[in-house]
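Hydrogens, waters and symmetry mates are skipped; everything else that's a heavy atom, side chains included, is used.
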Amino acid sequence: MSIRIKSVKGWLLIAMAGCMALMAGFAQASAPAAAPDGVSYITFSPLVVNYGSGPRMKYLKAEISVRVADGATATAVQHHMPLLRNGLVMLFSQQSEEAVGSPEGKESLRQQALTAINQLIHEETGQGGVVDLFFNNLILQ
């Protein structure tokens with residue numbers, strides 16, 4: 001059996017249906033994979049901010065992942081991602097060169113970022129749940 005499509009509308013409908021099927025597959029692939037115990041990791045797209053003060057601009061690039069303990073928190077983090085990114089940008093841009101220049105300073109910044117994310121999630125959903133925050137990459141320039 002052969003199907004012949006004679007109109008442009010027909011081709012467009014078929015192309016749109018194919019695109020929708022692909023998009024549905026990508027949406028499922030980008031959701032965090034939860035382990036049997038419910039733990040999942042969510043990676044933020046890289047954040048680049050200028051920080052410090054003085055005559056020379058300084059830049060901080062952070063690639064971050066967070067660990068959440070359950071699906072509800074994972075959904076909340078993904079849903080509120082723009083809010084969380086904004087909070088992190090504001091936090092990172094307030095840092096001084098001395099504050100982030102040492103390993104202790106970087107650890108302190110990591111803890112502050114975790115606290116900020118949990119605070120924002122709590123304000124929006126009434127619950128926390130982000131267990132930990134990791135710098136996958138942290139570049140100071």
Side-chain angles (χ1 to χ4, degrees), residues 1 3-141:
M1 181 174 160
I3 299 174
R4 296 182 123 195
I5 301 170
K6 294 183 181 183
S7 70
V8 174
K9 267 187 179 177
W11 281 110
L12 286 174
L13 287 172
I14 289 175
M16 285 177 48
C19 287
M20 289 173 65
L22 282 173
M23 288 172 49
F26 286 131
Q28 288 176 347
S30 67
D37 62 357
V39 172
S40 60
Y41 293 85
I42 301 167
T43 301
F44 288 53
S45 57
L47 296 158
V48 178
V49 300
N50 57 340
Y51 73 101
S53 60
R56 209 176 120 229
M57 289 282 250
K58 296 172 188 73
Y59 295 95
L60 180 149
K61 178 182 178 187
E63 295 176 10
I64 295 171
S65 292
V66 294
R67 181 174 61 181
V68 297
D70 56 57
T73 304
T75 301
V77 167
Q78 289 180 331
H79 179 74
H80 295 290
M81 186 66 72
L83 176 70
L84 300 177
R85 287 180 54 84
N86 180 67
L88 291 173
V89 165
M90 300 310 278
L91 173 67
F92 294 163
S93 66
Q94 295 171 2
Q95 302 304 306
S96 68
E97 187 172 10
E98 297 79 30
V100 293
S102 68
E104 295 83 15
K106 290 178 179 95
E107 175 60 21
S108 174
L109 181 60
R110 187 184 76 78
Q111 291 294 329
Q112 290 174 40
L114 176 61
T115 300
I117 285 177
N118 270 321
Q119 210 167 22
L120 290 167
I121 290 291
H122 182 71
E123 288 171 7
E124 294 298 317
T125 66
Q127 59 190 10
V130 176
V131 177
D132 213 344
L133 179 139
F134 305 98
F135 286 124
N136 299 329
N137 200 350
L138 182 63
I139 300 171
L140 304 171
Q141 184 177 349

Note, Ile121 side chain near Leu83 side chain (heavy atom, < 4.5 Å): no
side-chain contact (heavy atoms from CB on, under 4.5 Å) partner of Ile42, chosen from Val66, Thr73, Val130: Val66
Stepwise side chain to side chain contact (heavy atoms under 4.5 Å, CB included) check, Thr125 with His80: CA-CA 10 Å; Thr125 66; His80 295 290; 4.0 Å; yes
Val131 versus Leu114, closest heavy-atom pair with distance: O-CD2, 3.9 Å
More than 12 heavy atoms from other groups under 6.0 Å of CE on Met81: yes
With Ser108, the side chain to side chain donor-acceptor pair (under 3.5 Å) member among Gln111, Gln112, Arg110: Gln112
CD-OG distance between Glu107 and Ser102, expressed to the nearest 0.5 angstrom: 10.5 Å
Gap between atom CZ of Arg56 and atom CD of Gln141 - 0.5 Å precision: 7.5 Å
Distance-minimising heavy-atom pair for Ala62 and Leu138: CB-CD1, 3.9 Å
Smallest separation among heavy atoms of Lys61 and Pro46, with atom names: CE-CB, 4.0 Å
From CA spacing to verdict: side chain to side chain contact (heavy atoms under 4.5 Å, CB included), Tyr51, Leu140: CA-CA 9 Å; Tyr51 73 101; Leu140 304 171; 3.8 Å; yes
Where Leu120 and Gly87 come nearest, the two heavy atoms and their spacing: CD1-CA, 4.0 Å
Residues Leu47, Arg85; criterion side chain to side chain contact (heavy atoms under 4.5 Å, CB included); working and verdict: CA-CA 8 Å; Leu47 296 158; Arg85 287 180 54 84; 3.4 Å; yes
Nearest-0.5 Å distance that lies between atom CG in Asn137 and atom CD in Glu63: 4.5 Å
Nearest atoms (heavy-atom pairs only) where Gln127 meets Ala72: NE2-CB, 4.1 Å
Residue pair Phe44, Ile117: steps toward the side chain to side chain contact (heavy atoms under 4.5 Å, CB included) verdict: CA-CA 12 Å; Phe44 288 53; Ile117 285 177; 4.0 Å; yes
Minimum-distance pair of heavy atoms, taken over all atoms of Asn118 and Gly129: OD1-N, 3.5 Å
Spatial distance of atom CZ (Phe134) from atom CD1 (Ile64) [nearest 0.5 Å]: 12.0 Å
